[in-house]
**Q** 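Got a structure for you, questions after.
Since the structure is predicted, the reported quantities are computational estimates derived from the model, not experimental observations.
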Amino acid sequence: MTDSTASPTTARACFAARRQRLLAQLGDGVAIIPTAPERIRNRDAHHPYRFDSYFWYLCGFPEPEAVLVLLGARAGEPARSVLFCREKDSERETWDGFRYGQAAAKSAFAVDAAHPIGDFDRLLPDLIANRETLWHSFGDDASWDARIFAAMGAVRAQARNGRSAPRALRDLRAPLDAMRLIKDEAEIALMRRAADISSAGHARAMRACRPGMAEYELEAELSYEFRRRGADSHAYAPIVAGGANACILHYVDNRRLLADGALVLIDAGAEVEGYAGDITRTFPVNGRFSAAQRDVYEIVLAAQTAAIAAIRPGASFADYHEAALRVLTQGLIDLKILSGSVDGALESEAYKPWYMHRTGHWLGLDVHDAGDYKQGDAWTTLRPGMTLTVEPGLYLRPGDGVPAALTGIGIRIEDDVLVGSDATQGAIVYTTAPKTVAEIESVMRRE
């Protein structure tokens, strides 16, 4: 992971501002936010480390074995942020690389105090004592729940000394999800960079594609371009699905050969300092769409265009899905896969065998990012700074009613979109991979 202290795009002031915004909502409460643990792959080999998104959002500290504690203001005490992290250890640094230690972490990450992680359980009762509310992602990790409850028990045991444990336990994800739903300028800059790198990777895969290649060879082209341009990793396991494999929504085997005359669907995005790109493109293995492939592709592209046009401040999260769904359903009727009226097919959900997912999701530190899609029975209203994907598709698996010329065609087109500042600005599409039939065929001709 990129050393965040050296990155111009993740200034310490942004993390401090987020902590202050959260602290303003905590009252005199205390919040406990651990980062993700390291995970063993096998024996003494680890999976590549990836921090917890909530933890990173609030402090940007890249090391494992760390906990952030936020203490709300109360009489005579200002609000404080306290980081627990690993101590400096020259021997371990020889094996595993640089560690900040407490002094450097306090300065570099603008926290009020830093302590060794080994002192956390000992100091936790003091930190939570006489606080009205304790905030944590309860239920996410049983071992963490147990540590917190043990600390509360230790405080209760000191009741005769005038100490009390928090009376209320609250889910910290609720306020944090609402905050993460609206991206700040630093986040938008990182997401644009992730989108640029992701777009370049998709264009490279188009240029490299040839009949007879294996799906994993195109995956390798993506990986090379992502890393060459400075991405930290893939944001998620890439999908490289040739032919009918594209009709499997979460196909990640990526081992089949790419046949002449088939399409290949690639769903892949780069991760940059924790932030995800998420792009899907579908293109012909030999560089030229057949008539049938073009017909289906143009329907999906028209559905995406309609969906993007429906995104603007004040619109519902459901509006752009419904706009895409109407175009896709009309397309299925035009292709003779469905019959009757669009309204009838929508009401009966007759389209679902060929379009079974929603048209997008929130995007950010997580590919399927934090934030509610509904408040009660009402879909969330779009606001400036929200980021989401727009990804309609059609998946024409063999079955009753699918003409032979269309059988096995799977097409999805996905871009990343920022909700603009007003209705005239609407949706800002910040992914740029080739998308129209003409653009794709031109790129694949190496023009």
**Q** Determine, for E441 against R294, whether the closest basic-nitrogen to carboxylate-oxygen distance falls under 4.0 angstrom.
**A** yes
**Q** Do R50 and D232 sit within salt-bridge range, that is, some charged N less than 4.0 Å from a carboxylate O?
**A**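 No, R50 and D232 are not salt-bridged.
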**Q** Applying the side-chain contact (heavy atoms from CB on, under 4.5 Å) criterion to T431, which one of T389, V417, D416 satisfies it?
**A**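 That would be D416; it is the only one of T389, V417, D416 passing the side-chain contact (heavy atoms from CB on, under 4.5 Å) with T431.
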**Q** Apply the side-chain contact (heavy atoms from CB on, under 4.5 Å) test between L394 and each candidate in T282, I411, V296; give the one that qualifies.
**A** V296
**Q** For Q20 and A17, indicate whether the former's side chain and the latter's backbone hold a donor-acceptor pair under 3.5 Å.
**A** no
**Q** What I want to check is whether the side chains of D196 and Y430 have a donor and an acceptor closer together than 3.5 Å.
**A** no
**Q** Decide, yes or no, whether a salt bridge links D260 with R210 under the criterion of side-chain N to carboxylate O below 4.0 Å.
**A** no
**Q** Within 45 degrees of the ring normal and closer than 6.0 Å to the centroid, is that where the cationic atom of R180 sits relative to Y54?
**A**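 Yes, a cation-pi geometry holds between R180 and Y54.
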**Q** So, is the end of the R193 side chain (NZ or CZ) under 6.0 Å from the ring centre of Y275 and within 45° of the ring's axis?
**A**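 No, a cation-pi geometry is absent between R193 and Y275.
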**Q** Flag this pair as yes if the NZ/CZ of R281 is under 6.0 angstrom from the six-membered ring centre of F283 and inside a 45 degree cone about the axis; otherwise no.
**A**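 No, R281 and F283 do not form such a contact.
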**Q** Would you tell me whether D343 and S341 have side-chain atoms, one donor and one acceptor, within less than 3.5 Å of each other?
**A**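 Distance-only check fails for D343 and S341.
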**Q** Counting N and O atoms only, with roles assigned by atom type, does the side chain of E187 sit under 3.5 Å from a partner on the main chain of D184, one being a donor and the other an acceptor?
**A** yes
**Q** In this structure, is the centre-to-centre distance between the rings of H357 and Y355 below 6.0 Å?
**A** yes
**Q** Is it true that H361 and E391 share a donor-acceptor pair across their side chains at a distance under 3.5 Å?
**A**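 A pair is found: one side chain offers a donor N or O, the other an acceptor, under 3.5 Å apart.
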**Q** Measure the shortest side-chain to side-chain distance between H136 and P34 over non-hydrogen atoms and say whether it is less than 4.5 angstrom.
**A**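 SC-SC contact between H136 and P34 confirmed.
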**Q** Kindly indicate, with the supporting measurements, whether the criterion side-chain contact (heavy atoms from CB on, under 4.5 Å) is fulfilled by F55 and V67.
**A** CA-CA 8 Å; F55 176 88; V67 185; 5.6 Å; no
**Q** Assert yes or no for the condition that the ring centre distance of Y100 to F61 is strictly below 6.0 Å.
**A**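 Ring centroids of Y100 and F61 are less than 6.0 Å from each other.
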**Q** If the test is side-chain contact (heavy atoms from CB on, under 4.5 Å), which one of T280, I299, V300 qualifies with P392?
**A** V300
**Q** Are R256 and E215 ion-paired here, with the side-chain N under 4.0 Å from a carboxylate O?
**A** no
**Q** Is any side-chain N of the basic residue among R99 and E63 closer than 4.0 Å to the acidic one's carboxylate O?
**A** no
**Q** Using a 4.5 Å cut-off on heavy atoms from C-beta on, say whether the side chain of K435 contacts that of I413.
**A** yes
**Q** Can you spot which of I117, V69, V111 makes a side-chain contact (heavy atoms from CB on, under 4.5 Å) with L83?
**A** V111
**Q** Between R92 and D96, is the closest basic N to carboxylate O distance under 4.0 Å?
**A** yes
**Q** Do T381 and P313 come close enough that some side-chain heavy atom pair is under 4.5 Å?
**A**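 No, too far: nothing below the 4.5 Å cut-off.
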**Q** So does K183 pair up with D369, basic N to acidic O under 4.0 Å?
**A** yes
**Q** For the residue pair F138 and F149, establish whether any side-chain heavy-atom pair is separated by less than 4.5 Å.
**A** yes
**Q** Drop me the distance from L249's CG to Y395's OH, to the nearest 0.5 angstrom.
**A** 5.5 Å
**Q** Can S53 and D366 be counted as having a side-chain donor-acceptor contact under 3.5 angstrom?
**A**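 Per modelled atom types, S53 and D366 side chains form a pair under 3.5 Å.
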